Every structure is written in structure tokens, then in C-alpha cells.
Protein chains: 2
Amino acid sequence: MHPPERAACCDQTDTHQDILDAVRLKMPDEDTLYNLTELFHIFGDSTRMRILYVLFASEMCVCDIAALLGITQSAISHQLRLLKSARLVKSRREGKTVFYSLADDHVKTIIDQGLEHVQE
Amino acid sequence: MHPPERAACCDQTDTHQDILDAVRLKMPDEDTLYNLTELFHIFGDSTRMRILYVLFASEMCVCDIAALLGITQSAISHQLRLLKSARLVKSRREGKTVFYSLADDHVKTIIDQGLEHVQE
DNA sequence: TTATCATATGAACAGATAATCATATAAGAA
DNA sequence: TTCTTATATGATTATCTGTTCATATGATAA
């Protein structure tokens, strides 16, 4: 006997329905879930991660980031655009040069948490 | 005039070289950086994120996760394999059924940090 | 103006990846 | 044994994504 809203599936204990209800309650809404995975997706690329680490040390212009990481200016610009649209970095122009920096300290906190997990 | 190890690039302040040195010091080694981006990469997919949220509530078998999320058993199995190889979830077999659960509480901490950033 | 430098961006391509399908494995029931 | 259920997995495919290249924009200098 299955609870009415379940498809044919493996049988479980009496508390099965309670668990399913608990899951549905705790699941974030679709928008939040999208934004959350999008945020982590941004962190899930080594070029972007290295850019962020550079910016942990100091605000920096595009060509310096490129030179420092050994990546073309174009690639860096493309990635900075993503980072900026995710509001992880911000920029200011000074003449021909554009300086990028972290949007807020939250960024480092999240990455440090991940680092702790990795370094266990 | 540029510092010797720099390629032709935009001119900077006197502290330029100090900043570059600081960046190099703070940058994690290649292995750590790889593991870190790999970790976030795992979080950067909505199916995997939803699986993790399901497991926040309770340990659960594969077909229940599939039914709950409306995703095929095969897709869930494939993603669980990734999650397990990243040591984010663990499994135990009970007869024909395999139950998955979170590998440790660290996982939820990292995701909660991301959630805070997203919900600002 | 033209020339140069710093950055941004569109297009194209190569590599990665998530889902699907078919099938294999593993365990229990008949 | 055979049948069924639960899960795992290899192959295929469609989509996504990061880089490169060429070029455009924006700012300064001559």
C-alpha cells in the first residue's frame, strides 16, 4: 500500500510520508534554488577562482590579472563579466584602466568554507 | 619602466610589485585549487543541489529521491555517483535498497553560506 | 585629427556535461 | 532455477561553456 500521491516505488517505513512532507517544506523555492546553484556554478571554474584569489589580495586592473595568471586579456574580460553579473566583483574606471575588486567580504567567507572542507 | 618579471602591461603605482608578491603568496597550490573548484562545481547543478536538500531532511533511497524530484532513476544514480566520489554523500545497502545520506554536516554549512549571499 | 593603449564583446570552435536509453548487476521472492 | 525489484553504468546525444580570434569601444596622447 502506497500513500496516494506516490508513484509505484520501493516500500518504506510508516514515517515515510512524514519524511516526504519534511523534504517539501525545507526545499527552497525555484528562484532561490536557481540563484544558489548559479552562485556555486560561478565558483566552479579554476580561472574564475584564481581571479577571485587575486582580488582577495588587492584591487587590480584587467591586464595585471591576465599577466599574473598567464591567461589572455580576452578570457579574463569574459570571466570578469560573469563575476560582475553575479555581483561577486565590482569595477571602477580610472582613465583607460578598469580596476576590479571584490563586491563584498561574503565571497571570501563562502570560499573559505569550501576550502575547509577540501583541506580535511 | 617595469619590474623585470612583468610583461609589457599597464603602468601601476610603486607598490605594484608588493601586491604581485602578496597575490602569489596567498594563492593556494594547484591541487587545492583544483579540489576547491571541483567542490563548487558539484554544487553548481540544480539536480545535485536538490538531491542534497532532500538528504538534509533524511537519509533516502534512490527511487524515493527520483520520485520526489520527478527525475529518472538513472539520472539520480549518475548524480549520486558524482556526489559520492566527491565524498559529499555516503550510502549503505539494505537488501535491494541503497540508502544515501550526507557524508558530513560541513556540506550544509557551505550551502547555507551560499544561501545567505543569494538571499541578501 | 590619428595613433596607441586598455578593455569589452561577438562569433566560432572544442571540450565538458547532464539526461536518456538500453542494459547490467545485485538481492530477494516464487 | 526464474521472475521481479532496486540500483548502477556504458553509450549516445543535445546542450552548455571556456577559450581564442578578430574587432569594437573608450580614453589618452601626439
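Quick caveat: nothing in here was measured; it's all calculated off a predicted structure. Below, chain A is the first sequence line, B the second, and so on; all start at residue 1. The figures here come from the full heavy-atom set of this structure, side chains too, leaving out hydrogens, waters and symmetry mates.
- Both A/Glu94 and A/Glu38 lie close to DNA chain D; mapped to their nearest nucleotides by heavy-atom distance, the more 5′-ward contact belongs to A/Glu38.
- Of the residues listed (A/Arg81, A/Gln73, A/Gln79), the one engaging A/Ser77 in a side chain to side chain donor-acceptor pair (under 3.5 Å) is A/Gln73, and it is the only one.
- A straight line from CD of B/Gln79 to C1' of C/dA16 spans 13 Å, rounded to a whole angstrom.
- Side-chain atoms of A/Arg48 come within 3.5 Å of backbone atoms of A/His41 as a donor-acceptor pair (strictly under, hydrogens ignored).
- Ranking C/dG10, D/dA6, D/dT7 by closeness to the B/Lys96 side chain, first place goes to D/dA6.
- Whole-Å rounding puts the A/Arg92 CZ to C/dA6 C1' distance at 14 Å.
- In this structure, B/Arg87 contributes its side chain and B/Val89 its backbone to no donor-acceptor pair below 3.5 Å.
- Remark: ring of A/His78 overlaps the six-membered base ring of C/dT9 in a stacked fashion, centroids less than 5.5 Å apart, planes less than 30° apart.
- Within 4.0 Å (heavy atoms only), B/Leu82 reaches sugar-phosphate atoms of the nucleic acid but no base atom.
- Look at CD1 on A/Ile51: it is 13 Å from P on C/dT7, rounded to the nearest Å.
- Checking D/dT20, D/dG18, D/dG10 against the side-chain heavy atoms of A/Thr72 singles out D/dT20 as nearest.
- C/dT7 atom C1' lies 10 Å from atom CG of A/Leu80, rounded to whole Å.
- At a cut-off of 3.5 angstrom, counting only N and O atoms as typed in the model, there is a donor on one side and an acceptor on the other between the side-chain of A/Gln73 and the base of C/dA8.
- The residue B/Ser74 sits close to a base: some heavy atom pair falls under 4.0 Å.
- Judged by distance alone, with hydrogens and angles left aside, the side-chain atoms of A/Arg50 form no donor-acceptor pair with the main-chain N or O of A/Leu52 at under 3.5 Å.
- Regarding A/Phe99, its CZ atom lies at a distance of 18 Å from the P atom of C/dC5, rounded to whole Å.
- A close approach under 4.0 Å does occur between a side-chain nitrogen or oxygen of B/His41 and OP1 or OP2 of C/dT17.
- Panel note: side chain B/Lys90, backbone B/Lys84; no donor-acceptor pair is recorded below 3.5 Å.
- When the side-chain nitrogen and oxygen atoms of A/Tyr100 are compared with OP1 and OP2 of C/dA8, one or more of them lie within a distance under 4.0 Å.
- Which of D/dT19, C/dG28, C/dT7 sits closest to the side chain of A/Thr47 comes down to D/dT19.
- Atom CG of B/Asp45 and atom P of D/dT17 are 10 Å apart (whole Å).
- Distance from the side chain of A/Ser77 is smallest for C/dT9 among the nucleotides C/dT9, C/dA6, C/dA26.
- Ranking D/dA8, D/dG18, C/dA18 by closeness to the B/Val62 side chain, first place goes to D/dA8.
- Residue A/Asp64 contributes atom CG, which lies 8 Å from atom P of C/dT7 at whole-angstrom precision.
- Closest to the B/Arg48 side chain, of the nucleotides D/dG26, D/dT19, C/dA18, is C/dA18.
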